[in-house]
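Everything on this sheet refers to the single structure shown next.
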Amino acid sequence: MLTRPSRALLLALLPGMAVLRSMTVPRGMAVLRGMAVLRGMALPRGMALPRGMALPRGMALPRGMALPRGMALPRGMALPRGMALPRGMALPRGMALPRGMALPRGMAVLRGMAVLRGMAVLLALSLGPAGQAAAAVAAPAAPGRVILIGTGGFTWSDVSPDATPYLWHLLGGGSSSTNSVRSVNPNTCPVDGWLSLSAGQRAAAPTADGAATRNLKEPCPPLPAVTVTGSHATVEGWAELEKAAASLRFEADPGLLGDQLAGAGIPAVAIGPGAALGLAQSSGEVAAYRPVDWATATLDSVHAALGDAKVALIDAGAVRDPGDLAAGEASPGTSVADQVRAVDDRIATVATGLDDQDTLIVAGLSDAGMGSRLRPVVVTGPAYGPGQLSSPSTRIPDLMQSTDLTVTLLRLAGIDTTDLGLGGALLDTEHRPNDAAAVERRHLALTDVDNASHEIHPLVPIFFYGLILTQLAIYLFTWRVWRREGATLAQRTRAIRLVHIVGVLAASVPAATFLANLLPWWRVSHPLPAIVGAVALFVALIAGLAFLPPWGRHLMGPVAVVGGITMAVLAIDVMTGSRLQQSSLMGLQPVVGGRFYGMGNVTFSIFATASLMLAIAAAHQALRRWGRWAAAAVVAAIGLLTVVIDGNPAWGADGGGPPAYLPGLAHFLLALLGVGMTWRRGAIIALVTAGLFLLVGFLDSLRPAESQSHLGRFFDKLGTGGALDIVIRKAEQNWGILISSPLTVLVPFGLVFVIYVLLRPTSWGSRSLAGAFERVPTLRAGLVAWLIVMMIGFFINDSGVAIPAVGATVAIPLVVAIASRTLLEEADA
């Protein structure tokens with residue numbers, strides 16, 4: 001629900017963001033009158049607002065819009081009267097503003113371009129279904145008991161009919177997934193996994209010096225001791241655990257799971273020390289605890305320990321890899337295979353004899369040592385048959401994260417989690433055959449997800465170092481060619497033609513890194529040459545298309561093709577589930593767990609750069625044929641499409657992308673129309689951008705928790721302190737990347753190249769770029785727009801310097817290609 005501080009902040013920042021009355025979106029869209037969003041807007045057919053959703057007093061929905069029974073409108077949410085903008089605003093035909101609203105003199109908004117109308121389309125899309133998450137509904141309460149067996153340290157590759165017969169049996173009959181166990185640190189210790197389950201958010205146990213963050217080579221803190229008093233117990237050191245969780249700014253609340261179960265009067269029991277940590281209440285007390293000795297445990301003793309509990313957490317022990325432990329951590333004394341076999345026996349001991357109405361969750365919660373992998377999860381029960389688990393938090397088949405387990409346990413226990421901000425429960429997407437061949441295919445799919453994420457992770461730094469060296473080599477080679485003296489015209493022409501080809505090839509690399517995931521490179525024994533070969537294949541295909549006639553013979557033809565293909569690849573990917581981004585060299589890393597769907601920061605940088613380069617090329621053609629208004633319309637259309645795809649919570653779900661992109665787009669449009677930028681116009685653009693961001697977040701926050709993206713959750717936290725924690729955490733990440741990322745090296749070299757080779761008046765590059773500016777009038781405005789987007793993205797996103805550095809890997813090679821082609825055309829002339 002929308003909090004009062006969030007409503008107040010929205011109203012304070014949106015006084016000039018009234019959406020004009022004449023603006024229209026698809027029929028049936030419901031929007032709030034009091035928010036100055038247009039009358040006549042409606043939600044898509046069949047879309048219902050969740051029960052209990054509150055709208056302001058006095059707000060009216062369009063005629064014919066029916067709300068669910070019991071929906072109430074909260075008090076006190078109204079926009080102030082008399083809103084005004086500066087004088088002189090010129091708007092598209094048919095648009096009207098309230099009296100007194102205006103923009104600075106001379107600032108024209110494009111006729112017929114419908115940029116603002118396009119923003120209304122964005123709002124419509126932001127209310128649409130959010131991919132998989134939109135289809136998710138609350139998991140029904142389990143008719144029987146809910147039992148979670150927590151373990152960790154092994155992968156789906158360790159599961160087989162011979163090594164782990166019972167886990168293989170569960171795989172055939174239950175819903176399964178891989179689990180991103182990432183909590184706070186690069187590797188997740190058993191204590192971190194259980195603590196995150198308790199809090200429903202990422203958490204970590206403190207080290208000996210009290211810090212919640214630790215170096216990868218530091219040993220894992222042990223599970224805290226449990227003091228038993230009768231059937232009750234207390235987790236020792238609970239205050240230190242809470243303090244460490246609070247210091248991480250993830251809003252982790254250790255004890256949430258235990259508090260919710262106790263508050264609902266649901267009997268629950270913890271068996272084993274890890275389970276005690278997971279089920280402890282915020283006081284550190286465990287209402288019902290049973291120690292367990294797996295060496296002597298029997299079916300009867302375990303089921304006697306379960307008693308009449310509705311919910312049970314059982315610690316089956318975590319597998320620890322003796323060859324991957326940090327110095328100072330005790331070795332388990334047995335091999336990984338023996339430990340996995342023992343865990344399988346313990347699972348069989350618990351699961352054998354469970355009632356058909358019981359729900360069993362077997363979850364890998366932690367890593368095996370310093371390395372990080374995806375861990376197995378399988379669920380059986382009345383609501384979970386053979387097939388995949390669906391996670392609203394990842395929106396990716398066969399991939400979930402540990403924090404999904406907390407809300408799943410509570411939902412299965414019959415507890416409403418709407419107000420807890422935990423997202424949605426794990427769901428069984430569809431039942432599939434469970435014959436031997438089908439189980440083998442299911443196992444292969446799960447191992448593919450884990451192996452791809454495992455193999456790509458160590459290759460990412462190698463790739464980026466190689467990318468940096470390649471870019472620097474291109475800069476040096478270009479400088480050398482353009483500075484070359486004493487060469488004949490034929491020699492210079494050959495060298496410049498080679499520079500042109502190299503520029504197009506280099507700019508094709510980012511899109512190729514995503515397309516490489518169309519090939520199962522991770523299945524080969526040597527993944528590095530395999531993925532390099534896959535990337536090279538797609539680079540050749542993209543560049544080959546760019547050089548094909550007739551467009552390949554034109555100055556901006558290859559630029560348009562590379563920019564268009566790159567934009568299309570990323571757009572289609574986010575609109576279809578972000579599959580290509582998963583475990584890719586420049587995409588999302590499931591083992592890192594920073595983001596699982598939509599546009600990541602690096603992806604946004606590539607996407608925004610590609611769209612602006614495409615806009616430069618397309619506007620150039622429109623300007624030549626139809627004039628500046630047509631060129632501006634083309635740029636607006638491409639820019640609006642970029643914002644919709646990037647910002648829509650159902651697709652890109654990118655909070656930092658549109659606020660960075662829109663000011664650059666606005667500058668591009670004004671420059672094309674010959675309108676200068678002033679401080680007042682810049683302030684208005686900033687206000688509209690901030691208002692649009694908040695409005696999209698507000699609309700996203702109105703959707704059910706299962707369907708919300710991080711935009712809606714961030715909006716709900718405005719004014720409560722939670723949003724500030726997010727901002728501070730991202731600022732810390734930005735600074736950390738700035739001082740540690742190898743991409744930082746690329747930025748000063750790129751700037752030196754641009755200044756010395758392209759902008760220095762006496763250089764060949766400068767003369768070629770000046771010629772390109774004359775031949776392509778849209779180029780200068782487009783490049784300035786790109787710089788604006790990259791600089792704003794640098795400051796407001798947690799990836800920091802990575803945004804301009806990665807964007808430069810597309811933009812600078814294409815600029816080099818344009819400048820080189822200009823020299824070739826001049827030589828031919």
Side-chain angles (χ1 to χ4, degrees), residues 139 142 146-181 193 314 316-319 336-356 358-366 368 373-391 394 396-402 404-405 408 412 425-454 520 522-523 590:
V146 181
I147 300 169
L148 181 142
I149 301 177
T151 178
F154 63 95
T155 69
W156 279 114
S157 298
D158 297 313
V159 176
S160 68
D162 296 328
T164 56
Y166 203 84
L167 276 171
W168 191 263
H169 164 72
L170 294 178
L171 174 63
S175 301
S176 51
S177 179
T178 61
N179 183 27
S180 175
V181 300
I314 302 176
V319 174
V336 169
D338 289 340
Q339 294 177 70
V340 172
R341 190 176 297 108
V343 168
D344 187 69
D345 292 339
R346 295 164 190 170
I347 293 171
T349 299
V350 176
T352 301
L354 289 181
D355 191 271
D356 291 341
D358 293 339
T359 298
L360 173 67
I361 304 173
V362 177
L365 301 175
S366 59
R373 296 286 295 265
L374 302 179
R375 305 299 171 181
V377 169
V378 61
V379 186
T380 63
Y384 299 92
Q388 293 177 324
L389 280 174
S390 168
S391 168
T394 67
I396 300 294
D398 297 329
L399 181 61
M400 55 166 285
Q401 54 182 331
S402 290
D404 296 330
L405 295 168
T408 301
L412 290 172
L426 296 172
L427 299 173
D428 173 17
T429 54
E430 59 177 322
H431 288 184
R432 299 185 177 184
N434 62 347
D435 57 87
V439 177
E440 288 284 358
R441 290 193 298 270
R442 183 86 194 97
H443 183 253
L444 178 61
L446 293 166
T447 55
D448 272 349
V449 174
D450 172 50
N451 288 336
S453 69
H454 175 63
W522 55 86
R523 293 182 183 174

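In this chain, residues are counted from 1 in sequence order.
Here Ser402 pairs with Asn179 under the side chain to side chain donor-acceptor pair (under 3.5 Å) rule; sequence neighbours left out. With sequence neighbours excluded, the residues forming a salt bridge (Lys or Arg N to Asp or Glu O under 4.0 Å) with Asp450 are Arg373, listed by chain and number. Residues meeting the side chain to side chain donor-acceptor pair (under 3.5 Å) test with Asp338, sequence neighbours left out: Ser335, Arg341. Residues meeting the side-chain contact (heavy atoms from CB on, under 4.5 Å) test with Thr380, sequence neighbours left out: Leu170, Leu360. Considering only residues two or more places apart in sequence or on other chains, Arg523 meets the side chain to side chain donor-acceptor pair (under 3.5 Å) condition with Asp448. In this structure His443 satisfies the ring pair (Phe, Tyr, Trp, His ring centres under 6.0 Å) test together with Trp168, sequence neighbours excluded. Listed by chain and number, the residues in a salt bridge (Lys or Arg N to Asp or Glu O under 4.0 Å) with Arg346 amount to none (sequence neighbours excluded). Take Ala363 and apply the side-chain contact (heavy atoms from CB on, under 4.5 Å) test, not counting sequence neighbours, and it matches Ile361, Leu365, Val377, Leu405. For Gln401, the side chain to side chain donor-acceptor pair (under 3.5 Å) test picks out Ser393, with sequence neighbours left out. Residues passing the side-chain contact (heavy atoms from CB on, under 4.5 Å) test with Ala163 are Ser160, sequence neighbours excluded. Ala437 meets the side-chain contact (heavy atoms from CB on, under 4.5 Å) test with Asp435, Arg441; sequence neighbours excluded. Contacts of Asp158 classified as salt bridge (Lys or Arg N to Asp or Glu O under 4.0 Å), with partners at least two apart in sequence or in another chain: none.
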- Item | Test side-chain contact (heavy atoms from CB on, under 4.5 Å) applied to Leu446 and Ser176, step by step | CA-CA 8 Å; Leu446 293 166; Ser176 51; 3.6 Å; yes
- Message: For Ser157 and Thr447: C-alpha separation, side-chain torsions, deciding distance, then whether side-chain contact (heavy atoms from CB on, under 4.5 Å) applies.
- Response: CA-CA 6 Å; Ser157 298; Thr447 55; 3.9 Å; yes
- Kindly indicate, with the supporting measurements, whether the criterion side-chain contact (heavy atoms from CB on, under 4.5 Å) is fulfilled by His169 and Asp344. CA-CA 11 Å; His169 164 72; Asp344 187 69; over 6 Å; no
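The main-chain N or O of Pro386 is never found under 3.5 Å from a side-chain atom of Ser175 such that the two would form a donor-acceptor pair.
Thr408 OG1 to Leu427 CG: the interatomic distance, rounded to the nearest 0.5 Å, is 7.5 Å. From Leu426, atom CG reaches atom CG of Asp404 across 5.0 Å, with rounding to the nearest 0.5 Å. Remark: Thr352 OG1 to Leu354 CG distance equals 8.0 Å, nearest 0.5 Å. Distance check: Phe154 CZ to Leu167 CG gives 5.0 Å after rounding to the nearest 0.5 Å.
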